[in-house]
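One structure is given here, and the rest of the page talks about it.
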Amino acid sequence: MKVIIRDNHSEGSLWAAHYIAAKIKEKAAITDKPFVIGLCTGSTPIETYAELIRMVKAGELSFKNVISFNMDEYVGLPQSHPESYWSFMHKYLFDHIDEPAENIHILNGNAPDLEKECADYEAAIAATDGIDLFLGGVGEDGHLAFNEPFSSFSSRTRIVTLTEDTLIVNSRFFDNDMNKVPKQALSVGVATVMSAKEVVVLGFGPKKAKAIQAAIEGPMSHYVTLSAMQNHPAGTIVLDEASAGELKVNSYKYFKALEKVESK
Ligand code: GLP
């Protein structure tokens, strides 16, 4: 696992956007096959998406041959609700880039048969050549997508029940009223994310520092589902100084030094 540490959220976001853009262009240079990307929501990726939008508008990047799969969606929240992940993704990315609408996949938390919706989602991913890069964020409790503590590392897309901690944290988007936060969500599983050829996770700010420390330096544990990254052959976690704040000084120095050497 690689760990990239930038001075602040904005610098980390730029690093991620340029990395993703380079990967899309790299694949386009060698094949007509689409680039398949997994995408996340939350406040964390907004600046990364803004930079990707800027590149598309400047003619430096295109999503015409990109297929995307989002990580998760609340159950029972109308698609048009401003806090649905469908609304979020359109507002912060899809409405501003050239990705064809038919290439966009977001779980439908209002599907009549939620189990079928999840199975169909896995089948749609399997029908591609696999996800080239999954972009993720991390919850304050170390969750990846909505894979709350104790989610199995072999989990696939399914209905999940949110923990009280997550309801409280996400209530900031629902008038600070945890009773307004949907209690369940559909989420890709830990194994769905880990099956991607590459995984890039963004974690910024002091509130993520403890989860980041546990995921990077702690044992692999279903208690911190982000720790599954330790076993991924091509995993990168992008931090800022604040989210790196709980790492051991030696780990911090190691990751910084490694990046210096590898960028030469
Ligand atoms: C939600 C999402 C996660 C996301 C997390 C962090 O729980 N399901 O995928 O990583 O929020 O959100 P934020 O980026 O706002 O801190």
Side-chain angles (χ1 to χ4, degrees), residues 8-10 12-13 16-17 37-51 68-77 81-89 91-93 105-109 118 121 131 133-151 155 157-174 176 178 180-194 196 199-212 214-215 224-229 235-240 242-245:
N8 52 49
H9 186 146
S10 299
S13 302
I37 190 164
L39 295 172
C40 62
T41 51
S43 44
T44 304
I46 292 177
E47 287 189 48
T48 296
Y49 292 158
E51 177 63 5
S68 65
F69 289 90
N70 259 85
M71 285 189 143
D72 41 19
E73 179 59 285
Y74 290 114
V75 166
L77 198 64
H81 190 287
E83 294 306 333
S84 77
Y85 288 166
W86 191 95
S87 296
F88 176 97
M89 287 308 298
K91 179 175 173 190
Y92 289 107
L93 186 65
H105 299 83
I106 302 178
L107 283 153
N108 177 6
C118 295
Y121 206 67
I131 294 180
L133 186 153
F134 219 127
L135 178 70
V138 56
E140 289 177 26
D141 60 1
H143 71 220
L144 180 60
F146 266 136
N147 294 294
E148 299 284 32
F150 308 119
S151 296
S155 53
T157 306
R158 68 209 186 290
I159 307 164
V160 294
T161 299
L162 305 183
T163 60
E164 193 171 323
D165 283 354
T166 296
L167 296 179
I168 292 168
V169 170
N170 287 9
S171 67
R172 70 194 194 277
F173 300 116
F174 293 86
N176 288 316
M178 69 178 269
K180 289 188 183 165
V181 186
K183 306 277 175 295
Q184 289 192 309
L186 303 184
S187 176
V188 295
V190 179
T192 318
V193 180
M194 292 304 140
V199 182
V200 175
V201 170
L202 312 178
F204 303 129
K207 288 185 178 164
K208 304 292 170 73
K210 284 211 163 65
I212 291 292
V224 179
T225 51
L226 182 63
S227 67
M229 286 286 278
T236 303
I237 300 186
V238 187
L239 306 177
D240 61 6
S243 62

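Model, not experiment: these values are computed from the prediction. Both counts, for ligands and for their atoms, begin at 1 and track the order of listing.
The closest non-hydrogen atom to atom 13 (P) of ligand 1, taken over G203, S43, P45, comes from S43. Counting heavy atoms only, R172 comes closest to atom 15 (O) of ligand 1 of the residues R172, E148, E73. Of the listed residues (A145, A211, S187), the one carrying the non-hydrogen atom nearest atom 3 (C) of ligand 1 is A145.
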Counting only pairs under 3.5 Å, give me each side-chain donor-acceptor contact of residues 70-77, with atom names and distances, residues two or more places apart or in other chains.
residue: N70; atom: ND2; partner: L39; partner atom: O; Å: 3.3
residue: D72; atom: OD2; partner: F146; partner atom: N; Å: 3.4
residue: E73; atom: OE1; partner: Y85; partner atom: N; Å: 2.9
residue: E73; atom: OE2; partner: Y85; partner atom: N; Å: 3.2
residue: E73; atom: OE2; partner: W86; partner atom: N; Å: 3.0
residue: Y74; atom: OH; partner: Y85; partner atom: OH; Å: 3.4
residue: Y74; atom: OH; partner: N170; partner atom: ND2; Å: 3.1

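Between R158 and T192 the shortest side-chain heavy-atom distance does not fall below 4.5 Å. V188 is listed as a side-chain neighbour of F134, based on a closest heavy-atom distance under 4.5 Å. Under the 4.5 Å side-chain criterion, counting only non-hydrogen atoms from C-beta, V169 is not in contact with K207.
If you check which protein heavy atom lies closest to atom 11 (O) of ligand 1, you get H143 NE2, 4.2 Å. The protein atom (non-hydrogen) at minimum distance from atom 12 (O) of ligand 1 is G42 CA, 3.9 Å. For atom 16 (O) of ligand 1, the closest heavy atom belonging to the protein is K208 NZ, 2.6 Å. Protein heavy atom nearest atom 1 (C) of ligand 1, with residue, atom name and distance: Y85 OH, 3.6 Å. Protein heavy atom at the shortest distance from atom 4 (C) of ligand 1 is T41 O, 4.0 Å. Nearest to atom 14 (O) of ligand 1 among the protein's heavy atoms is T44 OG1, 2.4 Å.
To the nearest 0.5 Å, atom OG1 of residue T41 and atom CG of residue L93 are 12.0 Å apart.
Residue G137 approaches ligand 1 through these ligand atoms, each under 4.0 Å from one of its heavy atoms: 10 (O).
Looking at D72 next to ligand 1, an N or O pair under 3.5 Å apart turns up. For ligand 1, the polar-atom distance check finds an N/O of V138 within less than 3.5 Å of one of the ligand's N/O atoms.
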* Start with the C-alpha distance between F88 and C40, add both sets of side-chain angles, then the distance that settles side-chain contact (heavy atoms from CB on, under 4.5 Å), and finish with yes or no. => CA-CA 10 Å; F88 176 97; C40 62; over 6 Å; no
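Side-chain rings of F173 and H81 stay apart, their centers remaining 6.0 Å or farther from each other.
By the criterion of a heavy-atom distance under 4.0 Å, neither the backbone nor the side chain of E140 is placed next to ligand 1. For Y74, no heavy-atom contact with ligand 1 is shorter than 4.0 Å. Of the heavy atoms in L144, none comes closer than 4.0 Å to ligand 1.
Taking the side-chain hydrogen bond (donor to acceptor under 3.5 Å, both in side chains) definition, one finds that S13 meets it with nothing, sequence neighbours left out.
Every heavy atom of C40 sits 4.0 Å or more from the atoms of ligand 1.
Judged by distance alone, with hydrogens and angles left aside, the side-chain atoms of S243 form a donor-acceptor pair with the main-chain N or O of G203 at under 3.5 Å. A donor-acceptor pair is defined here as one N or O able to donate and one able to accept, closer than 3.5 Å; no such pair exists between the side chain of H143 and the backbone of T225.
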